[in-house]
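Contents: one structure, followed by commentary.
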Amino acid sequence: MNDLELIKRYIEAYNTFDIETMISTLHPDIAFQNISNGEINAETHGIEAFRTLAEQSKGLFTSRKQTITNVETHESQTRIDVTFEAVLAIDLPNGLKAGEFLQLQGNSEFTFRDGKIVSIVDRA
């Protein structure tokens with residue numbers, strides 16, 4: 001499986017809340033960061049910490065979908081631009097309410113090692 005196919009498998013699993021398939025695409029040393037408005041609001045190191053965050057995040061949405069709109073590859077890193085759409089399952093501290101529809105533009109940078117994703121940086 002090439003790097004882009006691995007990313008597509010990860011995104012498809014993310015969209016369907018399939019955490020086991022997401023995990024299957026990741027290197028044991030996975031590093032993850034989510035950056036929103038220039039600030040890191042989630043960060044994990046290692047596959048078990050990633051799994052814990054993925055399980056927690058699953059409860060935030062009744063549906064979610066990332067759609068890849070552009071792909072750029074440079075050596076061992078691939079950046080994708082995405083449209084993110086979701087429906088909230090719970091009220092959030094920032095004032096957003098359960099049932100609200102979100103639509104955001106963002107990008108993700110993926111780095112690879114040993115045929116797996118070893119780093120993900122999400123920005124929105």
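When a residue number appears, it is its place in the shown sequence, counting from 1. Model, not experiment: these values are computed from the prediction.
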Following the transitive rule for hydrophobic clusters with a side-chain heavy-atom cut-off under 4.5 Å over Ile, Leu, Val, Met, Phe, Trp and Tyr, establish whether [X] and [Y] coincide in one cluster.
{"X": "L96", "Y": "L60", "answer": "yes"}
{"X": "F101", "Y": "F84", "answer": "no"}
{"X": "I35", "Y": "L104", "answer": "no"}
{"X": "I47", "Y": "I7", "answer": "yes"}
{"X": "V82", "Y": "F61", "answer": "yes"}

How about [X] and [Y]: do any of their side-chain heavy atoms sit closer than 4.5 Å?
{"X": "L88", "Y": "L102", "value": "yes"}
{"X": "M1", "Y": "K116", "value": "no"}
{"X": "I120", "Y": "Y10", "value": "yes"}
{"X": "F110", "Y": "D3", "value": "no"}

Could you tell me which residues satisfy side-chain hydrogen bond (donor to acceptor under 3.5 Å, both in side chains) with [X], sequence neighbours excluded, listed by chain and number?
{"X": "E85", "answer": "Q103"}
{"X": "T111", "answer": "none"}
{"X": "S119", "answer": "none"}
{"X": "S63", "answer": "none"}

Which atom of [X] lies closest to which atom of [Y], heavy atoms considered:
{"X": "I19", "Y": "K58", "answer": "CD1-CD, 3.7 Å"}
{"X": "A42", "Y": "L53", "answer": "CB-CD2, 4.1 Å"}
{"X": "R64", "Y": "S57", "answer": "NH1-O, 4.1 Å"}
{"X": "A98", "Y": "A89", "answer": "CB-O, 3.6 Å"}
{"X": "F17", "Y": "T62", "answer": "CE1-O, 4.1 Å"}
{"X": "D122", "Y": "S108", "answer": "OD1-OG, 2.5 Å"}

Kindly write out the residues that satisfy side-chain contact (heavy atoms from CB on, under 4.5 Å) with [X], not counting sequence neighbours, or none if the list is empty.
{"X": "K65", "answer": "N15, T67"}
{"X": "S24", "answer": "R9, T21"}
{"X": "L4", "answer": "N2, K8, V71"}

Could you label the plane-to-plane angle of the F50 and F32 rings as parallel, tilted or perpendicular, counting under 30° as parallel and over 60° as perpendicular? perpendicular
To the closest 0.5 Å, what do you measure between OG1 (T73) and CD1 (I80)?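 One finds 10.5 Å between OG1 of T73 and CD1 of I80.
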How many angstroms lie between CG in D91 and CG in N94, if you round to the nearest 0.5 Å? 10.0 Å
Would E72 and T78 count as a side-chain hydrogen bond (donor to acceptor under 3.5 Å, both in side chains) here? Give the steps. CA-CA 6 Å; E72 295 176 21; T78 299; over 6 Å; no
List for me each residue that meets salt bridge (charged side-chain N to carboxylate O under 4.0 Å, His left out) alongside [X], sequence neighbours excluded, and say none if there are none.
{"X": "D18", "value": "none"}
{"X": "R123", "value": "E109"}
{"X": "E39", "value": "none"}

Run the numbers on I30 and I117 for side-chain contact (heavy atoms from CB on, under 4.5 Å), then give the verdict. CA-CA 7 Å; I30 182 69; I117 300 166; 4.0 Å; yes
Strictly by side-chain hydrogen bond (donor to acceptor under 3.5 Å, both in side chains), give each pair with a member in residues 28-38 just once, sequence neighbours left out. D29-R113, Q33-E43, N34-N41
With a cutoff of under 4.5 Å between side-chain heavy atoms, which Ile, Leu, Val, Met, Phe, Trp and Tyr residues group with V118? none
